[in-house]
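In this chain, residues are counted from 1 in sequence order.
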Amino acid sequence: MTSHISEVEKAEQELIEQEFQALLADYLNSNHRKKTEIIERAFRFAEEAHRGIRRQSGEPYILHPIAVARIVSREIGLGSTSICAALLHDVVEDTEYTVEDIENLFGHKIAMIVSGLTKISGGIFGDQASAQAENFRKLLLTMSEDIRVILIKMADRLHNMRTLGSLTPSKQYKIAGETLYIYAPLAHRLGLFAIKTELEDLSFKYEHPDAYNDIMQKIADTEDNRRAIYEKFSAPILEKLHGMGLSFEMKARIKSVYSIWCKMQNKNIPFEEVYDLYAVRIIFDPLKEDDEKKECWNIYSVITDIYKMHPDRIRDWVSRPKANGYQALHVTVMGPDGNWIEVQIRSRKMDDIAERGFAAHWKYKVGHTEEESELDIWIKTIKEILENPEPNALDFLDTIKLNLFASEIFVFTPKGELKTLPTDATALDFAFTLHSDMGYHCIAAKVNHKLVPISQKLQSGDQVEILTSKSQSPKPEWINFITTAKAKTRLIAALRKERRQVALKGEELYRTFLQENGLDDSLRNIDKLLNHYKIDKKETLFYRLGANEITLNDNTKKIFKDKGQNVFMKYLRMPFGGSHKSNASDKKRENPATKIDRKTTYILQDDGIEKNYRIASCCNPIPGDDVLGYINEHEQVIVHKRSCPVAMRLKSSFGSRLVSTQWADNIIEAFPVTIEITGIDKVGILNQITRIISDELAVNIRRLNIETEHGLFKGTLSVLVHNIKDVERMCENIKKISEVKSAIRIVN
């Protein structure tokens with residue numbers, strides 16, 4: 001037995017050494033200074049510190065830091081300091097060693113990065129939403145001190161996602177959910193395109209395995225056809241570019257599985273109708289670096305001489321790069337098969353930065369560059385948001401996300417200064433971008449010398465002048481048309497300050513009323529007022545009193561004599577995601593429920609008398625949908641679609657309350673679904689549709705609305721079904737009618 005164990009240990013030691021040598025090879029192949037001695041020391045130290053510790057998959061723990069360090073070196077392109085920090089990133093969290101020990105052995109820089117990573121260890125998010133927001137603030141603060149902290153954290157998350165299979169399904173949903181909610185947008189904002197794409201695809205793979213496998217299979221099945229189209233499309237371009245004497249490569253890049261699925265969901269179309277499945281990329285080596293922009297346009301001319309260009313789909317990120325450093329020239333042309341094909345034109349340097357973000361840019365930098373200053377601006381914005389964070393954790397995260405996934409437009413001040421704003425930004429957003437006081441006192445704007453309201457959406461190239469008035473003050477309705485995180489944070493802070501002053505006045509009125517009527521300042525009395533006015537918080541009550549929306553008078557005295565049940569407080573205790581109507585299950589809540597095992601898969605059952613789940617009204621899942629369970633405070637399982645936006649927030653905030661769920665085969669309940677039907681209008685089409693549903697499929701129609709216009713019709717059909725197969729069969733049968741062009745299920 002002993003010899004067997006030693007053989008296993010020997011094999012593991014060989015594997016560890018082999019992986020470390022592969023890391024050194026990655027580093028030596030980069031163009032960083034070759035400081036292998038400190039990397040070797042960091043590895044030996046981490047190996048000793050983690051000796052005997054194993055991951056949940058059973059492999060030695062040290063393989064994880066090595067894998068993270070390899071991603072940091074090979075895929076992000078960082079140097080020895082970051083590689084050492086990656087090797088040591090879990091030492092302080094998991095062992096007896098301290099940050100001071102790391103500093104004494106490896107110096108201040110490495111210790112500070114390890115310290116930043118330790119502050120946000122165990123994943124960004126804790127079990128509670130408040131802990132989640134606090135940890136996220138720490139992440140952003142450490143990021144603003146040294147960007148390498150977040151880059152290494154990205155590598156850590158990527159490796160965790162690559163090895164997610166060893167965890168329980170509920171943990172997989174939690175980690176995949178927060179990855180899609182926070183890490184993928186962060187990777188996008190930092191220009192880590194390859195990592196962002198892989199994080200999205202891996203999250204999708206664990207959240208919707210059947211859909212993932214289905215799309216992968218269809219991509220494989222259509223590969224030969226795509227290759228034939230690409231060869232036909234590329235042949236005349238290759239001939240022309242070779243004739244110019246260019247050094248370049250040209251390749252077709254397929255859309256990611258996740259982006260294909262998103263397009264199918266957003267447009268309600270099958271895989272076969274996703275026509276822009278791939279883009280063609282041309283990567284060239286410029287003869288002179290100063291000429292790379294000119295060469296992009298030369299290649300563009302060659303392509304548009306051969307193929308007809310789509311006039312609205314040219315994207316010039318060469319002259320003005322994206323805020324995350326991305327540079328390329330995109331043009332969409334009509335291919336020989338009659339479909340639009342996007343061509344992305346990049347120099348080798350542009351391609352490196354596009355795939356690996358700012359880290360790659362450092363490799364090329366000479367002094368302070370434009371792209372780096374854009375990153376500095378973004379980090380400064382994040383710092384400003386941190387100064388006035390939302391008290392509600394989820395609102396705080398949503399505010400941050402406004403800045404993460406935004407596409408950009410470029411707007412000019414009256415003096416010609418260029419400002420970057422997210423798409424859909426308004427004149428009010430622009431005012432806050434210039435200065436907070438301008439935002440607070442903004443009354444209108446002039447866009448291209450024409451007077452417009454502050455809610456006016458801006459377009460790239462607009463010249464904007466902000467008009468202000470000292471008498472203007474922030475209004476609550478502004479929140480409906482601002483899009484930037486800075487504007488939202490500043491507005492909420494100003495409204496909160498103003499609201500506090502009004503609430504203080506209201507509290508004073510309340511106390512005076514109590515004194516004048518000989519009433520005590522008890523929780524019981526304030527509860528009676530809250531109950532009567534259907535208000536959930538005393539702060540809201542005081543605000544409404546201060547704003548004269550509620551008046552305390554002689555009639556109010558009757559409220560304090562009412563000894564009835566506080567119905568509203570009961571309403572407040574209702575579980576998240578459930579109905580607020582009283583029903584038989586309310587009685588069960590009075591007794592503590594049996595605790596549900598989060599580690600096993602929870603079977604959703606319904607025997608016709610009682611069911612052990614509740615359907616979330618936000619997404620209305622039905623048997624056959626990919627679902628997960630959220631366990632509320634009464635140990636009741638609320639069932640959400642895994643793709644539901646509310647479920648997304650739950651996954652990233654309440655991971656410990658999630659449970660993997662599976663539908664039982666014998667669900668009796670009938671579920672409402674809505675099907676959208678479009679097609680060519682003709683006499684009798686409605687009869688054909690209803691006959692198929694009622695007679696052939698024996699399904700009860702709850703509601704049917706059809707509108708016709710210019711010979712076309714569009715209708716929505718509400719029916720009760722037992723599972724997703726019923727829906728698929730219904731859609732297939734309806735589509736057999738020759739005039740029907742589409743029949744798809746839409747969200748209720």
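- Around the NZ atom of Lys251, the shell of radius 6.0 Å holds more than 12 heavy atoms that belong to other residues, nucleotides or ligands.
- Taking CD of Glu207 as the start and NZ of Lys641 as the end, the distance is 13.5 Å to the nearest 0.5 Å.
- Between the Ser73 side chain and the Arg70 main chain, no donor and acceptor come within less than 3.5 Å of each other.
- Between Glu676 and Arg745 there is no salt bridge, since no side-chain N of the basic residue sits under 4.0 Å from a carboxylate O of the acidic one.
- Put simply, the side chain of Met334 does not reach to within 4.5 Å of the side chain of Tyr307, judged on heavy atoms.
- The heavy-atom pair separating Thr674 from Ser718 by the smallest distance is OG1-OG, 3.6 Å.
- Taking 4.0 Å as the cut-off between side-chain N and carboxylate O, Arg348 and Asp352 do not count as a salt-bridged pair.
- When side chains are defined from C-beta on, Ile152 does not count as touching Asp156, because their heavy atoms never get closer than 4.5 Å.
- The closest donor-acceptor contact from the side chain of Asp625 to the backbone of Val627 lies at 3.5 Å or more, if one exists at all.
- Across all non-hydrogen atoms, the minimal contact from Val637 to Thr661 is CG1-CG2, 4.3 Å.
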Pair Glu200, Leu180 - check side-chain contact (heavy atoms from CB on, under 4.5 Å), show working. CA-CA 6 Å; Glu200 287 176 340; Leu180 212 50; 3.9 Å; yes

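- Residues Asp316 and Ser319 bring a donor and an acceptor atom of their side chains to less than 3.5 Å of each other.
- To the nearest 0.5 Å, atom NZ of residue Lys255 and atom CD1 of residue Ile260 are 7.5 Å apart.
- A distance of 11.0 Å separates CD1 of Ile76 from CD1 of Ile83, quoted to the nearest 0.5 Å.
- Atom CZ of residue Arg162 and atom CG of residue Leu199 lie 9.0 Å apart, to the nearest 0.5 angstrom.
- Here Asp221 does not pair with Lys218 in a salt bridge; the nearest charged N to carboxylate O distance is not below 4.0 Å.
- Of the charged side-chain nitrogens involved, at least one lies within less than 4.0 Å of a carboxylate oxygen, so that Arg729 and Asp726 count as a salt-bridged pair.
- Side-chain contact between Leu246 and Ile299 is present, with at least one heavy-atom pair separated by less than 4.5 Å.
- Using a 4.5 Å heavy-atom cutoff, the side chains of His640 and Ile638 are in contact.
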Chi angles and distances behind the side-chain contact (heavy atoms from CB on, under 4.5 Å) call for Trp663, Ile603: CA-CA 6 Å; Trp663 298 100; Ile603 307 300; over 6 Å; no

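- Side-chain atoms of Ser256 come within 3.5 Å of backbone atoms of Ser259 as a donor-acceptor pair (strictly under, hydrogens ignored).
- Under a cut-off of 6.0 angstrom, the local environment of NZ in Lys205 is sparse, with at most 12 non-hydrogen atoms contributed by other residues, nucleotides or ligands.
- In this structure the side chain of Tyr230 reaches within 4.5 angstrom of the side chain of Met250, judged on heavy atoms.
- Heavy atoms only, all atoms of each residue included: Met161 and Tyr206 are closest at O-CE1, 3.9 Å.
- With no hydrogens or angles considered, a side-chain donor-acceptor pair links Ser742 and Thr678 at under 3.5 Å.
- Rounded to the nearest 0.5 Å, atoms CD (Gln172) and CG (Leu202) are 11.5 Å apart.
- The existence of a salt bridge linking Glu732 and Lys736 is excluded, since no basic side-chain nitrogen approaches an acidic carboxylate oxygen closer than 4.0 Å.
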Between Leu658 and Ile631, is the side-chain contact (heavy atoms from CB on, under 4.5 Å) condition met? List the steps. CA-CA 6 Å; Leu658 299 184; Ile631 303 170; over 6 Å; no

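- Remark: aromatic rings of Phe204 and His208 are close, center separation under 6.0 Å.
- With contacts defined as side-chain heavy-atom distances shorter than 4.5 Å, the pair Met264/Pro270 does not qualify.
- A centroid separation of 6.0 Å or more is found between the aromatic rings of His310 and His330.
- Contact annotation: the side chain of His89 approaches that of Val68 to within less than 4.5 Å [non-hydrogen atoms, C-beta and beyond].
- With rounding to the nearest 0.5 Å, the separation of CD in Gln56 from OG1 in Thr163 is 10.0 Å.
- In this structure, Val149 and Leu117 approach most closely via the heavy-atom pair O-CD2, 3.5 Å.
- In this model, a donor atom of one side chain and an acceptor atom of the other lie less than 3.5 Å apart for Tyr173 and Arg642.
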Give the C-alpha distance, both sets of side-chain angles, the deciding distance and a yes or no for side-chain contact (heavy atoms from CB on, under 4.5 Å) between Arg315 and Gln344. CA-CA 9 Å; Arg315 301 286 180 266; Gln344 302 167 355; over 6 Å; no

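- With no hydrogens or angles considered, no side-chain donor-acceptor pair links Arg55 and Ser166 at under 3.5 Å.
- Salt-bridge check for Arg157 with Glu198: failed, with every basic side-chain N at 4.0 Å or more from each acidic carboxylate O.
- Not one N or O on the side chain of Asp214 forms a donor-acceptor pair closer than 3.5 Å with the backbone of Asp210.
- Contact of the Leu241 side chain with the Ile282 side chain is registered, since non-hydrogen atoms from C-beta on lie closer than 4.5 Å.
- Heavy atoms only, all atoms of each residue included: Pro336 and Phe233 are closest at CD-CD1, 3.7 Å.
- Closest heavy-atom contact between Trp340 and Lys308: CZ3-O, 4.0 Å.
- Looking at Asp351, its side chain never comes within 3.5 Å of a backbone N or O of Ser347 through a donor-acceptor pair.
- No donor-acceptor contact under 3.5 angstrom links the side chains of Tyr212 and Asp201, judged on distance only.
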